[in-house]
Amino acid sequence: MKPYSVDLREKIVNAYERGGTSIRKVAVQFGVAKSYVQKLLQLQKIQGHLEPKKQGGTIKGKLDDYGSELAKMVKSHPDATLLEYCEYFGEKYNVWVCASVMCCALQKQKLTRKKRLYAVAKPKQKESKS
């Protein structure tokens with residue numbers, strides 16, 4: 001949802017500051033919540049302006065700065081589980097994360113964790129028609 005325009009914010013604050021009305025009446029007049037009017041008045045008083053704050057943005061992951069270290073870890077220990085990766089990374093770099101964070105970081109780096117099969121595949125016996 002887009003923030004309310006600065007013009008509307010100024011109208012709301014000016015309507016209250018002119019006096020003779022309550023915060024509730026101003027809120028009803030402009031079709032906004034009472035708490036929003038209170039927030040605008042507090043913002044004007046503390047910061048001196050009514051500009052909206054920046055919205056959105058991406059949340060940086062805890063392991064985003066460790067791309068090359070993750071690649072080295074997966075290359076040197078391709079058969080480790082997520083929990084083993086978490087423990088290894090915590091001990092080596094002192095960055096402790098849970099398995100889900102490690103999984104997300106590996107997926108962002110497009111690193112796979114395929115396991116090798118240690119069991120020797122049994123050769124298929126040939127069926128003979130007797």
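Contact of the Tyr4 side chain with the Val32 side chain is registered, since non-hydrogen atoms from C-beta on lie closer than 4.5 Å. Residues Gln29 and Thr21 have side chains not in contact (no heavy-atom distance under 4.5 Å, counting atoms from C-beta outward). At least one side-chain heavy atom of Gln38 sits less than 4.5 Å from a side-chain heavy atom of Lys34. The side-chain heavy atoms of Tyr85 and Val74, taken from C-beta on, include a pair separated by under 4.5 Å.
Rounding to the nearest 0.5 Å gives a distance of 6.5 Å between NE2 of His49 and CG of Leu43. Between atom CD of residue Gln109 and atom OH of residue Tyr66 there is a gap of 13.0 Å, rounded to the nearest 0.5 Å. Of the inter-residue distances, the one linking Ser5 atom OG with Leu50 atom CG reads 10.5 Å to the nearest 0.5 angstrom. We find the NZ-NE2 distance between Lys72 and His77 to be 12.5 Å, quoted to the nearest 0.5 Å. The NZ atom of Lys92 sits 14.5 Å away from atom CD of Glu87, with the distance rounded to the nearest 0.5 Å. For the atom pair Leu41 CG and Ile12 CD1, the distance stands at 9.0 Å (nearest 0.5 Å).
Here salt bridge (charged side-chain N to carboxylate O under 4.0 Å, His left out) pairs that include residues 2-17, with residues two or more places apart or in two chains, are Asp7-Lys11.
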Evaluate the side chain to side chain contact (heavy atoms under 4.5 Å, CB included) criterion for residues Cys98 and Val101: first the C-alpha distance (whole Å), next the side-chain angles of each, then the deciding distance (0.1 Å), finally the verdict. CA-CA 5 Å; Cys98 64; Val101 171; 3.6 Å; yes
Intermediate values then yes/no, side chain to side chain contact (heavy atoms under 4.5 Å, CB included), Trp96 and Asn94: CA-CA 6 Å; Trp96 298 93; Asn94 202 25; 3.3 Å; yes
Kindly determine whether Glu69 and Phe89 satisfy side chain to side chain contact (heavy atoms under 4.5 Å, CB included), including the steps that lead there. CA-CA 9 Å; Glu69 291 87 349; Phe89 210 79; 4.1 Å; yes
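Heavy atoms only, all atoms of each residue included: Leu82 and Ala99 are closest at CD1-O, 3.9 Å. The minimum heavy-atom distance between Cys86 and Met102, with the atom names listed, is SG-CB, 3.6 Å.
Separation of the Tyr36 and Phe30 ring centroids does not fall under the 6.0 Å cut-off.
Shown here is Gln47, whose CD atom has more than 12 heavy atoms of other residues, nucleotides or ligands within 6.0 Å.
Put simply, Val6 and Tyr16 are part of two different groups of oily side chains (I, L, V, M, F, W, Y) that touch within less than 4.5 Å, one to the next. A continuous path of hydrophobic side-chain contacts links Tyr93 to Val97 [ILVMFWY only; heavy atoms under 4.5 Å].
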